[in-house]
Asks: 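Take this structure first; my questions come after.
All chains are named by letter (A, B, ...) in the order of the sequence lines, taking the proteins before the strands, and each is independently numbered beginning at 1.
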Amino acid sequence: MSSSELQRNRAVLPMSTVRELTLLTDRQIRYYEQHELITPQRGKGGQRRFSLNDIDRLLQIKDYLDAGDSTADIKELFAKAERKHQSQLDSENSLRRSLQDEFAQIARFNQH
DNA sequence: ATTCTCACA
DNA sequence: TGTGAGCA
């Protein structure tokens, strides 16, 4: 996992910041969490700590909601996107392995 | 001061 | 989804 990707997942933002960045009310943000559209971490005193990816998710939720999708629809859309992303990574790894194998073969061949 | 949970004249 | 109460 890349360094920037880790940073986007660092949950450090408090409610107040997320509220302003997304233009959503804290009431709505908690509501979406209840419906498992986001899963922010918790800090001291049980307070939510959001990451940049959480912000991104919230922005997407806003768009989908405007487009007429229900919270259940959105949850499924995210799950689908996640599965797609995962299979994408899998095929990349598989391709990388076969290339490494081929190079290893070539290297062995050149030694003889 | 801020956020959290829970309940609802 | 909004609002107010009572905590931490």
Side-chain angles (χ1 to χ4, degrees):
Chain A
M1 196 181 263
S2 71
S3 163
S4 63
E5 195 169 347
L6 287 175
Q7 291 178 46
R8 290 181 205 292
N9 280 314
R10 315 278 318 269
V12 296
L13 314 175
M15 255 305 216
S16 55
T17 303
V18 179
R19 236 176 15 218
E20 298 196 20
L21 252 30
T22 63
L23 298 183
L24 290 168
T25 65
D26 47 344
R27 180 73 182 74
Q28 291 175 302
I29 295 169
R30 292 183 187 112
Y31 179 78
Y32 302 151
E33 181 185 18
Q34 282 192 303
H35 289 260
E36 305 175 90
L37 267 40
I38 52 172
T39 49
Q41 296 182 195
R42 297 301 182 118
K44 192 62 179 177
Q47 301 191 147
R48 275 164 264 253
R49 278 299 177 297
F50 304 83
S51 69
L52 292 177
N53 282 329
D54 288 328
I55 302 281
D56 223 77
R57 298 265 289 192
L58 288 168
L59 261 18
Q60 293 186 61
I61 292 170
K62 200 136 77 89
D63 288 339
Y64 285 133
L65 251 24
D66 285 342
D69 296 308
S70 71
T71 54
D73 292 335
I74 299 173
K75 184 180 175 184
E76 196 45 50
L77 288 174
F78 283 154
K80 195 170 300 178
E82 179 51 40
R83 285 195 293 276
K84 198 170 301 178
H85 181 251
Q86 202 31 64
S87 74
Q88 174 67 18
L89 290 181
D90 287 348
S91 70
E92 281 173 14
N93 285 328
S94 144
L95 172 60
R96 190 169 304 123
R97 284 194 208 90
S98 34
L99 285 177
Q100 287 177 339
D101 284 352
E102 286 198 51
F103 285 135
Q105 298 271 32
I106 293 172
R108 213 161 359 204
F109 175 80
N110 288 335
Q111 282 189 313
H112 295 163

Asks: So which of residues 13-34 of chain A are in contact with DNA chain B, with a heavy-atom cut-off of under 4.0 Å?
Replies: A:M15, A:S16, A:R19, A:R30
Asks: List the steps and the verdict of salt bridge (Lys or Arg N to Asp or Glu O under 4.0 Å) for A:E76 and A:R83.
Replies: CA-CA 11 Å; A:E76 196 45 50; A:R83 285 195 293 276; 3.4 Å; yes
Asks: Would you call A:Y32 and A:R57 a side-chain contact if the rule is heavy atoms closer than 4.5 Å?
Replies: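 No, too far: nothing below the 4.5 Å cut-off.
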Asks: Please determine if A:D26 and A:R30 form a salt bridge, counting it only when a charged side-chain N lies under 4.0 Å from a carboxylate O.
Replies: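 Yes, this pair counts.
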Asks: Of A:Q47 and A:L65, whose closest DNA chain C nucleotide lies nearer the 5' terminus?
Replies: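 Residue closer to the 5' terminus by nearest nucleotide: A:L65.
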Asks: For DNA chain B, which nucleotides open and close the run of contacts to chain A, 5' to 3', at under 4.0 angstrom from a non-hydrogen atom?
Replies: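 Reading along DNA chain B, I get B:dT2 to B:dT5.
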Asks: For the residue pair A:S98 / A:D101, report whether a side-chain donor-acceptor contact shorter than 3.5 Å exists.
Replies: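 The criterion, which ignores hydrogens and geometry beyond distance, is not satisfied for A:S98 and A:D101.
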Asks: For residues A:K62 and A:L24, report the shortest heavy-atom separation together with the two atoms involved.
Replies: CD-CD2, 3.4 Å
Asks: Between A:H35 and A:G45, which residue's closest nucleotide on DNA chain C lies nearer the 5′ terminus?
Replies: A:H35
Asks: Looking at B:dT3, which nucleotide sits across from it as a Watson-Crick or G-U wobble partner, both distances under 3.5 angstrom, or is there none?
Replies: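 Partner of B:dT3: none found under 3.5 Å.
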Asks: Just checking, any donor-acceptor pair under 3.5 angstrom between side chains of A:Q86 and A:D90?
Replies: yes
Asks: Answer with base, sugar-phosphate or nothing: what part of the nucleic acid does A:G46 contact at a heavy-atom distance below 4.0 Å?
Replies: sugar-phosphate
Asks: Are side-chain N/O atoms of A:S16 and A:E20 paired as donor and acceptor at under 3.5 Å?
Replies: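 No, A:E20 and A:S16 have no side-chain donor paired with an acceptor closer than 3.5 Å.
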Asks: Using the side chain to side chain contact (heavy atoms under 4.5 Å, CB included) rule, take A:S3 and A:L6 through it: C-alpha gap first, then chi angles, then the decisive distance, then the call.
Replies: CA-CA 5 Å; A:S3 163; A:L6 287 175; 5.5 Å; no
Asks: For a quick check of understanding: with a heavy-atom distance under 4.0 Å over all strands, which category does A:R42 fall into, base, sugar-phosphate or nothing?
Replies: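 Answer is sugar-phosphate: A:R42 comes under 4.0 Å of backbone atoms only.
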